[in-house]
Amino acid sequence: MELLIGVPKETAVGEKRVATVPDVVGKLIKLGFSVAVESGAGDAANFGDDTYRAAGAEIVGSAADLWARSDIVFKVRPPSLEEVALLREGGMLIGFVWPAQHPELMEQLAARKATVLAIDALPRQLSRAQKMDALSSMAGISGYRAVIEAANAFGRFFNGQVTAAGKVPPAKVFIAGAGVAGLAAIGTAANLGAIVRANDTRAEVADQVGSLGGEFVKVDFEEEGSGGGGYAKVMSEGFQQAQRAMYAQQAKDVDIIITTALIPGKQAPTLITAEMVESMKPGSVIVDMAAEQGGNCELTVPGEAVVRHGVTIIGYTDLVSRLARQSSTLYSNNLLRLTEELCKTKDGVINVNMADDAIRGLTVIKDGEITWPAPPIAAAPKPPAKPAAAAPKAAAHGHGPGEPMSAKTLAIVFGIGAVLFALVGLYAPASFLSHFTVFVLACFVGYMVVWNVTPSLHTPLMSVTNAISSIIAIGALIQVAPPLDAAGAADRPNALILGCAVLALVLTAINMFGGFAVTRRMLAMFRK
């Protein structure tokens, strides 16, 4: 009998997302499952019951009936204690759980002999886990939405403009934290034309900030801020003091501050104090994306937008739900990829493989036994270092790609060429000798020109090869239609030479037109 995946309606206040969308229902059915959706579960995300029916899902009228019948329950928010009581004994729950913040919930789920996979416990350092990384999916959406909320509350354009009515300077945006949400906010604000600055305790994200059009603002204090699993760690008191001084300076200068600083399992750190808010220009905006965990701003009111000292402080806790259709689609795709890992045989049978690092990290309860936290994942062994003597040896016996020949090698090549040329000169006819001379010089010049082109400059390389091809084409044309002599007669080549000339024309034409086509496609990659 095939297992039933149940998708209940979210009961948390303000939550508009749904755990599965109609497009994913059909893919779950192909994996061997049947799908049931509570009536109205997708209404807030603009997925009506009819769209689920059309995709092959069953619509269930009551939540109690759905929970009682489902072998596997897909959810977004952690279940309430009332929902846990509806879960089948021995059933499976997949969704956000946050086990560190909900110890009572964990005990209740364990009492139901449930198997619980917390999507928020995914080991994000595993590259193959990226397709299941719902935290990143949701963080990217919330970062985008934070900029939209800031733009709505801000009283000016983001981009600078010069109009007949006056000049409008671009908005200055400072983003505290350059994780997934912060990077999404940087890219969105920069695309809107703002001057964007960002800071993060992890120095390695500076290049990512710059690539998105932002300026990385460094704290004047040397300390490594990378934590496990791609998160930041708690910094020392000395670093925090230097960081607060930098934030205070930025607060006086910028128009918008967006804070994203969170450390899993801990209260959100306070980055923006009341004094910093008071120092900001009237009409400025702060979007506190950590409001649900207490907030990065001292004056944040979770769930509300308030005005303090003329500054609008937005503490919405439902940024992701404000793009419910998009976030539901991405989240359901994450759960689909997880289901594919659990059901690799595509026969509707779930296998919670505790030997798999990704599945082990996700599984916080297995058959009623609490298995969280998972043991740390062993670091991958470093590849063996190459012998240091290999490079000098290679340099002594030859040359690498893109490097000209050494003087010794070049002298040997010239010597061999001179001997061959002397033999040809002694025994070949005079007419052949002139053609052979041009041929040798053309080969040498072509080799030296192409060899010294930097490998990264593909388009100039194609241009050079097209130029050489055009020389070959001219030579072939002369052979096909030789010029007339003084008497008006032409020295027609024999069949072999004529065939080689025609073949050379065909090949050079392919190379030339193909080079232009490839160059055009490469240039098109850099156009928006």
Side-chain angles (χ1 to χ4, degrees), residues 1-12 15-97 109 112-119 132 134 137 321 324-352 362 365 367:
M1 182 178 177
E2 60 187 13
L3 298 179
L4 176 65
I5 296 176
V7 183
K9 185 176 182 179
E10 296 297 321
T11 58
E15 183 55 71
K16 299 178 181 179
R17 289 173 290 176
V18 61
T20 295
V21 300
D23 286 344
V24 172
V25 168
K27 297 174 183 177
L28 292 172
I29 293 173
K30 288 181 180 179
L31 288 176
F33 302 96
S34 56
V35 181
V37 180
E38 183 182 350
S39 179
D43 287 349
N46 295 318
F47 296 110
D49 290 349
D50 291 340
T51 61
Y52 285 104
R53 286 194 187 95
E58 176 189 357
I59 301 300
V60 179
S62 71
D65 188 19
L66 179 79
W67 282 86
R69 291 175 50 195
S70 300
D71 301 292
I72 306 168
V73 176
F74 282 2
K75 268 190 62 61
V76 180
R77 294 271 187 167
S80 64
L81 298 182
E82 291 77 12
E83 288 176 317
V84 173
L86 299 176
L87 179 65
R88 285 180 55 177
E89 187 164 343
M92 177 179 286
L93 174 69
I94 301 177
F96 284 103
V97 177
L109 288 168
R112 301 293 294 174
K113 306 296 182 185
T115 296
V116 180
L117 274 66
I119 199 71
M132 302 178 279
S137 299
S321 280
R325 186 178 179 90
Q326 181 68 77
S327 54
S328 297
T329 300
L330 295 184
Y331 181 69
S332 61
N333 282 329
N334 293 139
L335 294 192
L336 170 65
R337 301 309 173 199
L338 171 57
T339 308
E340 290 174 343
E341 291 292 318
L342 295 170
C343 182
K344 293 183 177 180
T345 54
K346 299 183 179 180
D347 57 358
V349 177
I350 290 291
N351 176 27
V352 182
L362 285 165
I365 301 176
D367 297 328

Begin from the C-alpha positions of Glu10 and Arg17 and carry the test salt bridge (Lys or Arg N to Asp or Glu O under 4.0 Å) through to its verdict. CA-CA 7 Å; Glu10 296 297 321; Arg17 289 173 290 176; over 6 Å; no

Working for side chain to side chain contact (heavy atoms under 4.5 Å, CB included), residues Phe47 and Thr329: CA-CA 10 Å; Phe47 296 110; Thr329 300; 3.9 Å; yes

Before you tell me yes or no, could you show the steps for Asp367 and Lys113 under side chain to side chain contact (heavy atoms under 4.5 Å, CB included), namely the whole-Å CA-CA distance, both residues' side-chain angles and the distance that decides it to 0.1 Å? CA-CA 5 Å; Asp367 297 328; Lys113 306 296 182 185; over 6 Å; no

Determine whether [X] and [Y] make a side-chain contact, defined as any pair of heavy atoms from C-beta on separated by less than 4.5 Å.
| X | Y | answer |
| --- | --- | --- |
| Leu117 | Leu342 | yes |
| Cys343 | Phe33 | yes |
| Ile119 | Leu362 | yes |
| Val35 | Leu4 | no |
| Leu87 | Leu109 | yes |
| Leu336 | Thr20 | no |
| Leu28 | Val24 | yes |

Run the salt bridge (Lys or Arg N to Asp or Glu O under 4.0 Å) test against Arg88 and tell me which residues pass, sequence neighbours left out. Asp71

Under the salt bridge (Lys or Arg N to Asp or Glu O under 4.0 Å) rule, collect the residues that match up with Glu58, sequence neighbours excluded. Arg69

With sequence neighbours left out, the residues meeting ring-ring contact (aromatic ring centres under 6.0 Å, His included) with Phe96 are Trp98, Tyr331

Please find the pair of heavy atoms, one from [X] and one from [Y], that lie closest to each other, and give the distance.
| X | Y | answer |
| --- | --- | --- |
| Leu86 | Trp67 | O-CB, 3.4 Å |
| Leu66 | Gly6 | CD1-CA, 4.0 Å |
| Ala324 | Ala44 | CB-O, 4.1 Å |
| Lys75 | Pro8 | CG-CG, 3.8 Å |
| Ala12 | Arg77 | CB-CG, 4.0 Å |
| Val18 | Ser328 | N-OG, 3.1 Å |

I'd like to know whether Ile350 forms a side chain to side chain contact (heavy atoms under 4.5 Å, CB included) with Ile72, so could you lay out the CA-CA distance, the side-chain angles of the two residues, the decisive distance to 0.1 Å, and finally the verdict. CA-CA 10 Å; Ile350 290 291; Ile72 306 168; 3.7 Å; yes

Is there a donor-acceptor contact under 3.5 Å from the side chain of Ser70 to the main chain of Val73? no

Considering only residues two or more places apart or on different chains, which pairs with a residue in residues 325-349 satisfy salt bridge (charged side-chain N to carboxylate O under 4.0 Å, His left out)? Arg128-Glu341, Lys131-Glu341, Arg337-Glu340, Glu341-Lys344

Restricting to pairs with a member in residues 22-43, which pass salt bridge (charged side-chain N to carboxylate O under 4.0 Å, His left out), not counting sequence neighbours? none

Residue pairs, two or more places apart or on separate chains, that pass side-chain hydrogen bond (donor to acceptor under 3.5 Å, both in side chains) and touch residues 45-57: Ser39-Asp49, Asp50-Arg53

[atom1] of [X] to [atom2] of [Y]: how many Å apart, nearest 0.5 Å?
| X | Y | atom1 | atom2 | answer |
| --- | --- | --- | --- | --- |
| Met132 | Leu338 | CE | CG | 6.0 Å |
| Leu330 | Leu335 | CG | CG | 11.5 Å |
| Thr115 | Leu93 | OG1 | CG | 10.0 Å |
| Phe74 | Thr339 | CZ | OG1 | 3.5 Å |

